[in-house]
Amino acid sequence: MTAPAWHDVAADTDVTEGDVIGRIAADRQLAIYRLSDGVYATDAICTHGNASLCGGFIEDDGSIECPLHQGRFDIRSGRALCEPLEQDLAVHPVRVQGGRVWVLV
């Protein structure tokens with residue numbers, strides 16, 4: 001298994017507040033979000049229905065709603081918030097440096 005490393009995934013300006021973008025780093029599909037308090041990254045695939053969260057809807061409470069079965073995850077913690085979700089979502093550390101968004105994967 002490869003050790004975790006920081007990956008440059010986007011320009012800081014590519015991630016606008018209230019939006020989600022998809023990126024691939026270390027062969028993982030990632031969802032990158034900007035909320036009012038910072039930039040976050042999670043795995044991009046719903047743990048329930050194998051749908052891309054990049055097509056989901058960011059809610060005012062800081063959650064992402066899966067477009068397939070309307071399950072919601074907390075973006076900051078990855079916690080599954082409602083049915084039909086049973087498994088939390090992996091989250092990844094993020095740093096914004098030099099105008100770039102870096103994710104530890």
Exercise. side-chain contact (heavy atoms from CB on, under 4.5 Å) with E86: which residues, sequence neighbours excluded?
Worked result: none

For this session: Mind checking the CG-CG spacing from N50 to L68? Nearest 0.5 Å is all I need.
Result: 9.0 Å

Problem set entry | Heavy-atom closest pair, residues R72 and C82 | N-SG, 3.5 Å

Problem set entry | Atom of L85, atom of C46 and distance for their closest heavy-atom approach | CD2-SG, 3.7 Å

Exercise. More than 12 non-hydrogen atoms from neighbouring residues, nucleotides or ligands closer than 6.0 Å to CD on E83, yes or no?
Worked result: no

Seminar exercise, completed: Those residues at least two apart in sequence (or on a different chain) that pass side chain to side chain donor-acceptor pair (under 3.5 Å) with D8 are R100

Exercise. With sequence neighbours excluded, what pairs up with D37 under the side chain to side chain donor-acceptor pair (under 3.5 Å) test?
Worked result: Y40, R76

For this session: Could you state whether I45 and L89 fall into the same hydrophobic cluster, counting links through intermediate Ile, Leu, Val, Met, Phe, Trp or Tyr residues with side-chain heavy atoms under 4.5 angstrom apart?
Result: no

Exercise. Residues in salt bridge (Lys or Arg N to Asp or Glu O under 4.0 Å) with R79, at least two apart?
Worked result: none

Exercise. Should W102 and I75 be counted in the same cluster of Ile, Leu, Val, Met, Phe, Trp and Tyr side chains packed under 4.5 Å apart?
Worked result: no

Problem set entry | Results of side chain to side chain donor-acceptor pair (under 3.5 Å) for H92 - residues two or more places apart only | D43

For this session: Check whether more than 12 heavy atoms from other residues, nucleotides or ligands sit under 6.0 Å from atom CD of Q70, and answer yes or no.
Result: yes

Problem set entry | salt bridge (charged side-chain N to carboxylate O under 4.0 Å, His left out): pairs with one or both residues in residues 15-26, sequence neighbours excluded | D14-R23

Exercise. Which residue pairs pass the ring-ring contact (aromatic ring centres under 6.0 Å, His included) test with at least one member in residues 44-64, sequence neighbours excluded?
Worked result: H48-H69

Seminar exercise, completed: Residues passing the side-chain contact (heavy atoms from CB on, under 4.5 Å) test with P4, sequence neighbours excluded, are L104

Exercise. Who passes side chain to side chain donor-acceptor pair (under 3.5 Å) against R34, sequence neighbours left out?
Worked result: D12

For this session: If you link ILVMFWY side chains whenever their heavy atoms are less than 4.5 Å apart, which other residues fall into the same cluster as V9? By chain and number, please.
Result: V15, I21, L30, I32, V39, V94, V96, V101, V103, V105

Exercise. Per the side-chain contact (heavy atoms from CB on, under 4.5 Å) rule, which among D88, L81, L53, T42 passes with F73?
Worked result: L53

Exercise. Can you list the other members of the hydrophobic cluster that holds I24, where links are side-chain heavy atoms under 4.5 angstrom apart?
Worked result: none

Problem set entry | P67 versus G56, closest heavy-atom pair with distance | CD-CA, 3.7 Å

Exercise. Can you name the residues that form a salt bridge (Lys or Arg N to Asp or Glu O under 4.0 Å) with D60, not counting sequence neighbours?
Worked result: none

Seminar exercise, completed: Between G22 and C54, the two heavy atoms sitting closest are CA-SG, 3.4 Å

